[in-house]
Enquirer: 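Pasting in a structure now, in structure tokens, and then I'll have a few things to ask.
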Amino acid sequence: MKKFLSHALAASMVLAASSATIAQNFNDPEEYARQLEQLSMAPNGPEGKPWVQYLVDKMADTAKYAKEGPHTVCFSNAGVNNPWRVVGFTNMTQEVALHPEIGKFVHVDAEGSDDKQIADIADLLASGNCDILIVSPNTTAALTPAVEAACKKLPVIVFDRGVQTDCPVTFIHPVGGYGFGIQGAQFIADNVKPGANVLMLRILPGVDVLETRYSAGRRILDNAGLNIVGAEFTDGDNAKTKSIVEDYLQRGSIDAVWMDAGATAVAAVEAFEDGGHDIPVFVGEDQQDFLQKWRALDMKAIAPTYPTYQWRTPIIAAVRILKGEAVPGPEWVLPQPAITQETLDTYINDKMPPLHYAMCGCQDMPNYPVAWGGVK
Amino acid sequence: MSDATVGQVPATRPRFHFDRWAPALLLMAAVAIYVAACVMTGQTQYLNWSNLLAVVGRSIALGITAIGQTFVILVASIDLSVASLISATAVLASVIMNGAPTMIVPAVAAALALGVTVGLVNGLIITRLDVNPLIATLGVSLVIQGCLSAFVSNFAGSVPPEFQFFAYGNLAGIPFAILFFFALAIAAFLVLRFTRFGSNIYAVGGNQDAAHFAGISTRKVIVITHVICSLCATLAGLYLASRLRSGAPWIGANGVYDLESIAVVVIGGTVLAGGRGGIWGTVAGVMIFSLIDSIFNVLGVDAFVKQVLRGAIIVAAVALYAARSRRIVG
Amino acid sequence: MSDQILSTTPKAAHTRRLPQVNPVYFILAALIVAIILNNPAFAEPAGYMNFLKRAAPLAILAAGQLYVIVSGGFDLSVGSLITLVVVGSSMLLNNDPNATWWVIPVMFGIGLAVGLINGLVVCYLKVPSLIATLGMMITLNGFAFMWSGGAPRGYLPDSFRYFGRVNIMDVPLIRMLPVALIVLITVGFVLNWLMHRTNLGRMIHAIGDNPRAAQLAGVPVNRVRIIAFVVSSLSAVVTGILLGGFAGVSTDVGTGYELQAITAAVLGGAQLLGGRGSVPAAIAGALTLTAIFTLLNFLSLPQPVRQVVQGLILIVAVALAMYRRKRTGQ
């Protein structure tokens with residue numbers, strides 16, 4: 001056993017050393033600075049409707065796409081495999097219902113597979129039905145050729161993750177991962193003493209939007225002179241998250257928990273609760289269960305968001321493009337607010353399901369809250 | 001398909017072999033449903049040549065993997081490591097190429113070498129250490145995935161435009177990948193039908209002890225089928241690297257190529273217990289899977305309902321010809 | 001009826017193995033010593049009780065899975081069933097603590113139905129259990145999403161979470177006692193008794209050892225196999241209730257648990273494709289697996305290393321078991 005362990009250790013060191021050599025650049029100082037600036041920018045567009053606001057004031061001309069209605073809007077979705085995407089997709093279908101110009105909304109779901117999504121886009125193009133194509137890419141690099149092929153035939157809108165080509169009319173996204181990481185880590189830095197112990201919990205490695213959150217968070221925590229006791233991967237699994245936090249608590253105290261996504265935040269809070277520890281400073285996300293826990297335990301916390309209202313924007317953009325109206329482009333950068341102690345109460349709604357993302361911009365839509373799984 | 005009787009006790013009198021035609025019947029049913037779905041929803045524009053190619057081209061990676069999986073299942077083994085191997089080859093090839101056309105040959109060679117190694121390891125663990133193939137290949141799969149994720153965590157490297165011909169090129173108006181897939185299927189068919197090695201495979205799968213007494217080196221046959229299976233997974237990985245322009249450590253797992261390739265082979269009439277089945281059944285199985293996906297897309301079936309139906313279809317398809325068997329299945 | 005004939009086979013195996021203690025217990029003991037050396041706090045009640053509480057769901061699942069394994073099959077559907085139990089409970093409970101008393105029986109009802117369907121499909125439609133339960137896995141996962149519309153709609157109230165979350169405090173000697181541990185001991189005791197002290201257990205062993213012989217000896221093969229699938233499904237329901245209790249609502253609670261349960265049973269010396277296995281050893285296998293993960297966690301080894309270690313252990317455990325079996329002579 002001992003021998004085996006030492007071998008495993010040796011192997012891990014070799015692996016760790018070599019992994020550093022082929023690391024992607026998720027720590028881009030320029031992009032970091034830009035997102036830091038965007039977080040505090042005053043948005044353009046109507047007040048109180050962040051899903052039609054934009055931070056970068058540059059428009060894309062779409063006159064050549066003007067077309068008579070009713071339109072067929074096609075949407076190639078990476079998947080609805082997590083609650084964030086479920087809330088987002090509900091936003092999108094509800095937004096479609098608001099636009100009589102849209103005659104037909106075709107949705108194909110790639111179930112989280114690049115290969116499938118490439119085939120789906122080929123299917124949609126082969127059908128010749130679509131007036132405009134919305135793509136939420138499963139991964140950035142892999143979907144690029146498919147999106148390029150689509151651009152040759154019809155106007156394309158990309159949102160959430162991007163692609164490595166500027167051929168789409170616009171790419172809709174909130175400020176971004178660095179911004180998310182900055183908001184949470186800055187809150188911790190402002191609320192604990194220097195040298196305090198911080199535990200960083202991450203979902204999984206390699207996903208660009210999550211890696212950038214981590215690198216930004218790490219940068220701020222390091223600069224603030226905090227002691228990062230560990231950065232662990234939870235796989236987004238509640239049980240694993242709780243176990244990891246319990247294990248850390250056995251070995252010492254924790255003054256703050258930073259998370260790259262809030263899906264398992266409540267499980268992490270419970271580990272402190274069940275072990276009889278004080279709840280430290282917490283970074284979560286805008287899911288109802290976390291917001292309610294925050295209020296119930298009177299925690300010191302912040303909830304950065306990756307707003308699901310961005311799922312409304314592509315439909316609005318599609319309708320405008322097919323009318324020939326200019327839209328923000330080639331990038332439509334949406335504001336990305338964080339929920340703080342001051343705004344907490346406005347986002348809590350007991351009638352909503354626990355995994356509902358509160359920053360949905362959907363409170364005023366006709367079928368709220370029932371369509372999102374809430375009760376009246 | 002017609003080689004199904006090799007190594008089997010011949011039927012007492014000639015009769016209609018339902019098993020032999022079941023995959024073809026299933027495929028015809030799937031085609032009929034697809035056509036009906038298109039006509040009924042008024043989307044007849046789907047019924048054209050380019051869309052036929054789109055449907056056939058949907059599952060090339062799964063198809064290539066399934067051809068290899070057919071070989072191991074025929075000897076009553078199984079391979080759960082194909083998904084990780086696909087990811088590993090895709091990453092390896094795209095890292096070695098790194099955009100340079102001159103590196104295509106070394107990259108492909110390295111990928112194939114990796115395939116041979118993994119196949120040998122699988123085969124030797126199963127035959128020499130007597131480890132159950134499910135456990136052996138699951139273990140190897142975890143090891144490959146672990147090593148891979150230690151080195152890379154995202155898309156790594158890139159393939160040069162020349163190599164993208166594999167996935168995006170056309171020959172005589174037909175996508176190269178489709179031609180490649182059918183060429184591979186024909187090669188596999190010829191091996192199984194007309195070579196000594198092919199009949200040995202059926203003999204070993206039919207009854208390993210009997211094959212052993214008949215003087216067949218059963219261990220060697222099993223190891224070679226595993227090498228073939230891993231090589232096919234390698235080809236699928238190269239195809240995906242070409243299609244996605246790069247390799248990432250999750251593409252195999254995301255496509256669920258391990259379980260899906262097994263499902264496709266079984267739907268195609270190859271028996272998990274070994275010894276019966278063949279390549280054309282697997283090809284039919286792959287086409288059925290593509291058609292199911294396309295039917296769902298044409299009808300706009302909700303993603304969750306899709307899953308429920310897909311699970312039920314797999315079981316029902318297998319039950320269609322397993323139900324009449326009098327054996328006790330594992 | 002067939003009692004006499006049946007009791008001979010397992011008994012013979014039993015006496016042969018008697019002088020040897022199952023190696024899984026040594027491995028577990030060694031791992032626990034290693035953990036304590038690494039982290040002395042583990043020897044405190046808060047340390048080891050949390051560990052047992054965390055391991056309880058997998059241990060119960062492994063003990064249930066063992067029934068299917070010993071009878072010669074696999075049950076891949078348990079992971080999805082766990083997800084369905086957690087998601088379904090949250091839908092039905094809708095934060096009403098008074099609903100727990102009827103929701104839990106409903107969940108057992110669902111488990112019973114799933115086990116019955118698995119068993120019927122395997123026994124009467126002759127679909128191999130690997131494929132039948134794979135289909136069930138995909139279907140149940142889709143069904144859980146369909147039911148909830150993709151994200152669970154309700155909270156799990158504390159009355160439901162009692163079993164998985166609460167520690168009974170101020171217990172003499174051990175200070176704290178997780179309810180999950182009580183559940184584990186109860187379920188473990190029942191499953192152990194059923195497997196090793198009743199006719200049912202002997203019949204399960206006999207079927208896994210040689211189905212044809214068991215059938216000839218008068219064992220109601222189909223009925224016994226269906227019971228094995230039902231036991232496995234019911235244990236998955238218990239696991240789901242504990243996991244939902246431990247960690248709350250999420251959509252992918254059960255993912256991967258099917259392979260972990262099989263791994264745990266195999267670590268405990270269960271023989272795939274049937275005939276051998278012990279409930280206490282399977283539980284020890286689950287504890288071993290959890291201990292490995294805990295130790296790797298304490299050593300702060302990255303995730304990829306954990307995968308590699310798990311894969312290697314799996315292969316080595318089975319290879320060693322086969323080696324021992326060969327040496328002791330069969």
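By convention in this document, chain letters (A, B, ...) are assigned in the order of the sequence lines, proteins followed by strands, and residues within each chain are numbered from 1.
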Enquirer: For the candidates B/Asp302, B/Ile262, B/Val140, B/Leu134, which exhibits the highest count of non-hydrogen atom pairs separated by less than 4.5 Å from chain C?
Expert: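 Among the listed options, the one with the most contacts to chain C is B/Leu134.
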Enquirer: Relative to chain B, which segment of C/Arg225 carries a heavy atom at a distance below 4.5 Å: side chain, backbone, both, or neither?
Expert: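 Only the side chain of C/Arg225 comes within 4.5 Å of chain B.
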Enquirer: Flag the one option from C/Cys123, C/Gly73, C/Ser129 with the top tally of heavy-atom pairs under 4.5 Å to chain B.
Expert: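 Ranked by heavy-atom pairs under 4.5 Å with chain B, first place is C/Ser129.
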Enquirer: Please classify the contact between B/Leu259 and chain C as side chain, backbone, both or neither, with a heavy-atom cut-off of under 4.5 Å.
Expert: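 When you check distances to chain C, atoms from both the backbone and side chain of B/Leu259 fall under 4.5 Å.
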Enquirer: Side chain from CB out, backbone as N, CA, C, O: work out which of these in C/Ile131 comes under 4.5 Å of a heavy atom of chain B, or both, or neither.
Expert: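 Contact with chain B involves both backbone and side-chain atoms of C/Ile131.
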Enquirer: What's the shortest heavy-atom distance between B/Ser149 and C/Gln307, and which atoms?
Expert: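 Taking every non-hydrogen atom into account, OG-OE1, 3.8 Å.
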Enquirer: How long is the gap from CD1 on C/Ile315 to CG on B/Asn132, to the nearest 0.5 Å?
Expert: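 Answer rounded to 0.5 Å: 11.5 Å.
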Enquirer: C/Tyr124 versus chain B, heavy atoms under 4.5 Å apart: side chain, backbone, both or neither?
Expert: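 The answer is the backbone of C/Tyr124.
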Enquirer: Pick one of side chain, backbone, both or neither for C/Val121, based on which atoms fall under 4.5 Å of a heavy atom in chain B.
Expert: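 For C/Val121, the contact with chain B is made by the side chain alone.
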Enquirer: With respect to chain C, which residue among B/Val266, B/Val271, B/Ile314 yields the maximal number of heavy-atom pairs within a distance under 4.5 Å?
Expert: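 Counting heavy-atom pairs under 4.5 Å, the top option is B/Val266.
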Enquirer: Work out which heavy atom in C/Pro128 is nearest to a heavy atom in B/Val318; give both atom names and the distance.
Expert: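 Closest approach of C/Pro128 to B/Val318, heavy atoms only: CD-CG1, 4.1 Å.
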Enquirer: Tell me which of these, C/Asn141, C/Ile138, C/Leu259, has more heavy-atom pairs under 4.5 Å with chain B than the rest.
Expert: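 Of C/Asn141, C/Ile138, C/Leu259, C/Ile138 has the most heavy-atom pairs under 4.5 Å with chain B.
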Enquirer: Measuring heavy-atom distances to chain B, does C/Tyr323 have an atom under 4.5 Å in its side chain, in its backbone, in both, or in neither?
Expert: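 Nothing of C/Tyr323, per the 4.5 Å heavy-atom cut-off to chain B.
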Enquirer: Measure the spacing between CG of C/Leu134 and CD of B/Glu260 and express it to the nearest 0.5 Å.
Expert: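 Here the interatomic distance stands at 9.0 Å.
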Enquirer: Shorter than 4.5 Å, heavy atoms on both sides: which option in C/Ala132, C/Ala319, C/Gly208 has the most such pairs with chain B?
Expert: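 Most pairs with chain B among the choices: C/Ala319.
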Enquirer: Checking heavy atoms, do the side chain of B/Leu309, its backbone, both or neither come under 4.5 Å from chain C?
Expert: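 Nothing of B/Leu309, per the 4.5 Å heavy-atom cut-off to chain C.
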Enquirer: Shorter than 4.5 Å, heavy atoms on both sides: which option in C/Phe143, C/Trp147, C/Phe145 has the most such pairs with chain B?
Expert: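 Most pairs with chain B among the choices: C/Phe145.
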Enquirer: Any heavy-atom pair between the side chains of C/Met146 and B/Val305 that's under 4.5 Å?
Expert: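 In contact.
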Enquirer: Checking B/Ile135 against chain C: side chain, backbone, both or neither under 4.5 Å from a heavy atom?
Expert: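 Looking at B/Ile135, backbone and side chain both touch chain C.
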Enquirer: Looking only at heavy atoms and a cut-off of under 4.5 Å, which of C/Pro211, C/Gly72, C/Ala317, C/Ser71 has the most pairs with chain B?
Expert: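 Of C/Pro211, C/Gly72, C/Ala317, C/Ser71, C/Pro211 has the most heavy-atom pairs under 4.5 Å with chain B.
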Enquirer: Counting a contact as any heavy-atom pair under 4.5 Å apart, which residues of residues 65-79 of chain B contact chain C?
Expert: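 Residues B/Ile78 are the ones that qualify, each having a heavy atom under 4.5 Å from chain C.
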